[in-house]
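A quick note: this is a predicted structure, and the numbers were derived from the prediction, not measured.
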Amino acid sequence: GAVDKTALLPHLVAQYASAPHGLIIDGEAHVEAEGTSAYQAAENNNPEDVLFTAFDLIDLAQKHVDLGYAYRLAKLHRVQEMTGGRVAQAADLKPGASYEEALRYIEAMGIEGIVAWKREAGHNLNFSGNTKRGRSFKIKLRATEDLIVTRVNGCADPDQGCGSLEIARMIGPGLPLQPLGKVGSFEKDFDRIAALQLQTPFIVEVLHYGEDGNGKLEFAKVSRLRPDKHQEMGLAA
């Protein structure tokens with residue numbers, strides 16, 4: 001369930017104290033640095049480093065939940081003027097842009113990603129008062145990398161094959177491997193039984209969104225075995 005961090009972030013509460021009543025401000029708490037560990041460090045050591053960026057606003061008092069995005073954004077900017085709050089930057093993508101064009105935009109702008117949704121879609125409001133943008137999804141750059149499996153962990157049920165793989169990156173010839181953590185997410189057609197039977201080290205292809213502040217891969221998923229890369233990456237036969 002949701003965690004109430006109001007008491008931990010009084011500076012954000014004070015920032016929005018002058019906002020009109022009857023609003024749900026939809027946004028994200030974050031810090032300037034990338035990675036979950038940077039955010040956790042701010043919460044633990046200096047909560048005032050935590051920022052809040054809003055990207056939509058729901059006006060419950062005037063029942064504007066289902067009004068279009070342009071109207072909601074205009075109202076959000078008016079709230080920003082009152083409170084000094086941060087509003088997310090709109091992506092400069094032409095209507096009908098393809099997924100590949102969105103990825104190129106993200107790379108060119110040097111940003112983590114964008115949230116895309118139907119501009120005129122309303123919000124779904126559940127009984128707990130939470131909202132969800134209609135027809136929305138995130139677009140982020142995803143890396144594909146061949147990595148070394150240093151340990152295979154089995155499942156409680158051996159018929160399921162491996163439960164997770166501990167992976168590392170080869171930095172260079174003769175240098176120690178860089179541990180990247182444990183990955184327990186697999187593509188549907190990945191042969192987990194075959195992986196459990198292999199002797200380490202071996203190579204797998206991993207999809208991920210970069211590294212967090214602790215050097216672990218973010219949202220990593222093992223895609224396939226790469227026996228063709230074994231010799232190329234300098235592993236013994």
To the closest 0.5 Å, what do you measure between [atom1] ([X]) and [atom2] ([Y])?
| X | Y | atom1 | atom2 | value |
| --- | --- | --- | --- | --- |
| Glu48 | Leu12 | CD | CG | 9.0 Å |
| Asp49 | Glu32 | CG | CD | 9.0 Å |
| Leu57 | Arg78 | CG | CZ | 9.5 Å |
| Tyr39 | Glu28 | OH | CD | 9.0 Å |
| Leu23 | His21 | CG | NE2 | 9.0 Å |
| Leu207 | Thr144 | CG | OG1 | 4.5 Å |

Joint cluster assignment, [X] & [Y], ILVMFWY side-chain distance < 4.5 Å:
| X | Y | value |
| --- | --- | --- |
| Ile203 | Leu177 | yes |
| Ile58 | Met82 | no |
| Ile114 | Leu103 | yes |
| Val13 | Ile24 | no |
| Leu180 | Ile171 | no |

Any heavy-atom pair between the side chains of [Y] and [X] that's under 4.5 Å?
| X | Y | answer |
| --- | --- | --- |
| Arg224 | Val204 | no |
| Thr150 | Pro201 | no |
| Arg192 | Cys155 | yes |
| Leu51 | Val31 | no |
| Pro20 | Val79 | yes |
| Val183 | Lys221 | no |
| Val222 | Ile167 | no |
| Leu198 | Val152 | no |

* Asked: Do other residues, nucleotides or ligands put more than 12 heavy atoms under 6.0 Å from the CD atom of Gln89?
  ->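 Atom CD in Gln89 is not packed in, count stays at 12 or less.
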
For the side chain of [X] and the backbone of [Y], is there at least one donor-acceptor N/O pair under 3.5 Å apart?
| X | Y | answer |
| --- | --- | --- |
| His208 | Lys216 | no |
| Tyr105 | Asp92 | yes |
| Glu145 | Val206 | no |
| Thr53 | Ala88 | no |

Can you name the nearest heavy-atom pair linking [X] to [Y], along with the distance?
| X | Y | value |
| --- | --- | --- |
| Ala195 | Phe202 | O-CZ, 3.9 Å |
| Leu76 | Ala54 | CD1-CB, 3.9 Å |
| Asn153 | Glu166 | ND2-OE2, 3.2 Å |
| Ile193 | Gln160 | CG1-C, 4.3 Å |
| Thr83 | Ser18 | CG2-OG, 3.7 Å |
| Ile106 | Gly113 | CD1-CA, 3.8 Å |

* Between Leu147 and Leu165, is a side-chain contact (heavy atoms from CB on, under 4.5 Å) present by the stated rule, with each step listed? -> CA-CA 11 Å; Leu147 297 169; Leu165 304 176; over 6 Å; no

* **Side-chain ion pair, Lys229 and Glu205, N-O less than 4.0 Å** =>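 The answer is no: the pair does not qualify as a salt bridge.
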
